[in-house]
There are 2 protein chains.
Amino acid sequence: MARPPSDTPKAADRILATAGELFYREGARAVGVDQIVERAQSTKPSLYRAFGSKDQLIAAYLEGQGQQMWSNFDAAVAAHPDDPKAQILAYVDALGDRALGKGSRGCGLTNAVVEYPDPKHPGHRVAVGHKDRLRSRLRDLTRAMDARKPKKLADSLLLLIEGVFVTSQLFGPDGPAGAARGAAEALIEAHTRKAPKAANDPPGHDRV
Amino acid sequence: MARPPSDTPKAADRILATAGELFYREGARAVGVDQIVERAQSTKPSLYRAFGSKDQLIAAYLEGQGQQMWSNFDAAVAAHPDDPKAQILAYVDALGDRALGKGSRGCGLTNAVVEYPDPKHPGHRVAVGHKDRLRSRLRDLTRAMDARKPKKLADSLLLLIEGVFVTSQLFGPDGPAGAARGAAEALIEAHTRKAPKAANDPPGHDRV
DNA sequence: TCAGCATGTAACTGACCGGTACGGTAAATT
DNA sequence: AATTTACCGTACCGGTCAGTTACATGCTGA
């Protein structure tokens, strides 16, 4: 099994790359398989041999989107070792910058769930899988920063993050994404300040 | 021009109502016109006589979604006269409750923009029109509550609001929407507290 | 009684959808 | 040299998409 040293990308790779661009830009439902294989300079049988169905191609695309999300996340974490607050802020900050850049259409994973509400859809599954892990990773960070209610803080930040994704599509380059970093700072500060502003908290427990 | 006292809804109304349910639940792109007219117990010519095209039917549906949003917003405002902070919190609170209710699929306007990224699409236009007005209304409220940076606070709240909409689809009934009210309180508090936490603000100006 | 309007019936168009049967070609293996 | 194996393309399928046509029906008020 010697390696094929061909420098031209295989058909499957070209198809996945092309499908990724089109799916992200126009939405998966709006893009037909004929359009994909034509732009990829390939053919439909190659697509179906490599991916089995359009839905599975969408799932593969979303898996790539997930990997990209984690590489962004991990970069923010690696940039600020042992400083969970700075890690989250770095992530949110970079997120806002990307969202305001031209050509941004938010998060492919989020968009896919909106386009495919059916939980049985393979793309839907992949997307919510990554989002669940994002929620859990955020909780790890908020716990590490000794937030009073780490789950609640993580969820608040998650609202902000998803808000950035979707408002970039609603409002374009002048959208509210620029407010994300400041808002994240305020939320973290409110959850880690010494004197809690409200006193009706069952201490030591973070049930919600 | 006597009124037609018929108690059976006209065909156009049935079509719009049925299309609304289907569009909201499954997404506009996933629903065909045949499916709509069948469930509405009507026919395609009636649909096209009344709405001209599917895209315009989508726009009509979104106009209704916009009206519903404003009725929710106005209800929150009316419930707390002359108290902009309570008005916003009431809106966010009710929003979170609705988003966590079963069968919720977030905001039809937001979803439509995700499904139809093309700014020329009539549905896209209608949706962003309403969202722009929402942003402006939020700014009115944050100005009225004497926030230090009303635009920034309004945008932060908007991120939260859109986050609620979209996370209800990503995480379901146990999603982060429950954290929205508390987060909104924290953001408002941070923007209206007497001593600003950061000192690098050009005073009196709220450029962003 | 008749005109006018709203609605339904039925058939149709052309384009596009996702998906497939089948045959070819070139390199690796023997 | 013969054969396997991996890869790829041509041509086509039935179904569904949005949208249209021509005509029939029934209810409305004048």
Side-chain angles (χ1 to χ4, degrees), chain A residues 1-20 22-23 25-62 112 115-116 118 120-124 126, chain B residues 1-20 22-23 25-62 112 115-118 120-124:
Chain A
M1 210 220 245
R3 84 206 41 174
S6 151
D7 57 336
T8 59
K10 302 260 184 191
D13 298 332
R14 291 192 326 256
I15 288 173
L16 183 55
T18 308
L22 293 175
F23 285 165
R25 206 166 7 131
E26 308 181 15
R29 271 214 144 97
V31 177
V33 289
D34 301 273
Q35 191 184 343
I36 295 170
V37 296
E38 185 192 339
R39 266 184 61 117
Q41 302 198 86
S42 183
T43 61
K44 281 205 275 188
S46 290
L47 190 158
Y48 283 93
R49 269 188 292 260
F51 301 98
S53 70
K54 185 193 174 182
D55 286 347
Q56 289 174 263
L57 174 61
I58 293 172
Y61 149 67
L62 292 173
E115 275 198 280
Y116 296 90
D118 182 1
K120 285 172 307 197
H121 190 283
H124 186 111
V126 171
Chain B
M1 211 219 248
R3 83 206 41 172
S6 152
D7 57 336
T8 59
K10 302 261 185 190
D13 299 332
R14 281 177 352 241
I15 289 173
L16 183 56
T18 306
L22 294 175
F23 286 165
R25 214 179 346 148
E26 308 180 16
R29 272 211 142 99
V31 177
V33 290
D34 302 273
Q35 190 183 345
I36 295 170
V37 297
E38 184 193 338
R39 266 183 63 118
Q41 302 199 85
S42 184
T43 61
K44 278 207 280 186
S46 289
L47 190 156
Y48 283 94
R49 273 188 287 256
F51 299 98
S53 71
K54 185 191 176 184
D55 285 348
Q56 290 174 263
L57 174 61
I58 293 172
Y61 148 68
L62 292 173
E115 275 199 279
Y116 296 91
D118 182 0
K120 284 173 305 196
H121 190 283
H124 186 110

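Each chain gets a letter, A, B and so on, in the order its sequence line appears, and its residues count up from 1.
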(message) Going by side chain to side chain donor-acceptor pair (under 3.5 Å), name the residues that satisfy it together with B:Asp34, two or more places apart in sequence or in a different chain.
(response) B:Lys44
(request) Answer yes or no: are there more than 12 heavy-atom neighbours, outside A:Glu38 itself, under 6.0 Å from its atom CD? (result) no
(request) State the OG1-CD1 distance between A:Thr43 and A:Ile36, to the nearest 0.5 angstrom. (result) 13.0 Å
(request) List the atom of B:Pro117, the atom of A:Arg25, and the distance in Å for their closest heavy-atom pair. (result) CG-O, 3.7 Å
(request) Grab the two heavy atoms, one from A:Arg29 and one from B:Glu26, that are nearest each other, plus how far apart they are. (result) NH1-O, 4.4 Å
(message) With the threshold set at under 4.0 Å for non-hydrogen atoms, list the residues of residues 33-46 of chain A touching DNA chain D in residue-number order.
(response) A:Ser42, A:Thr43, A:Pro45, A:Ser46
(request) Take the C1' atoms of the five end pairs on each side of the helix from C:dT1-D:dA30 to C:dT30-D:dA1, derive the two axes, and give their angle rounded to 10 degrees. (result) 10°
(message) Taking side chain to side chain donor-acceptor pair (under 3.5 Å) as the definition, give me every residue that meets it alongside B:Arg39, ordered by chain and number, with sequence neighbours left out.
(response) B:Glu21
(request) Starting at atom CZ of A:Arg29, determine the distance to atom C1' of C:dC16, rounded to an integer number of angstrom. (result) 16 Å
(message) If I take atom CG in residue B:Leu22 and atom C1' in nucleotide D:dA18, what distance separates them, rounded to the nearest angstrom?
(response) 16 Å
(request) Applying side chain to side chain contact (heavy atoms under 4.5 Å, CB included), name anything that partners B:Ala59, two or more places apart in sequence or on another chain. (result) B:Pro122, B:Val126
(message) Does anything in residues 50-61 of chain B form a side-chain hydrogen bond (donor to acceptor under 3.5 Å, both in side chains)? List the pairs, not counting sequence neighbours.
(response) B:Ser53-B:Gln56, B:Asp55-B:His121
(message) Nearest whole Å is fine: how far is D:dC17 P from B:Leu47 CG?
(response) 13 Å
(request) Check salt bridge (charged side-chain N to carboxylate O under 4.0 Å, His left out) between B:Asp118 and all other residues, then give those that pass, not counting sequence neighbours. (result) none
(request) Name every residue in residues 49-62 of chain A that has at least one heavy atom under 4.0 Å from any atom of DNA chain C, in order of residue number, or write none if there are no such residues. (result) A:Arg49, A:Ser53, A:Lys54
(message) In this structure, how many angstroms lie between the C1' atom of D:dC8 and the OH atom of A:Tyr48, rounded?
(response) 17 Å
(message) For A:Ala112, give me all partners under side chain to side chain contact (heavy atoms under 4.5 Å, CB included), at least two apart in sequence or on another chain.
(response) A:Leu62
(request) Check side chain to side chain contact (heavy atoms under 4.5 Å, CB included) between A:Ala28 and all other residues, then give those that pass, not counting sequence neighbours. (result) A:Phe23, A:Ile58, A:Glu115, A:Tyr116
(request) Using atom CG of B:Leu16 as one end and atom C1' of C:dT7 as the other, report the distance to the nearest whole Å. (result) 17 Å
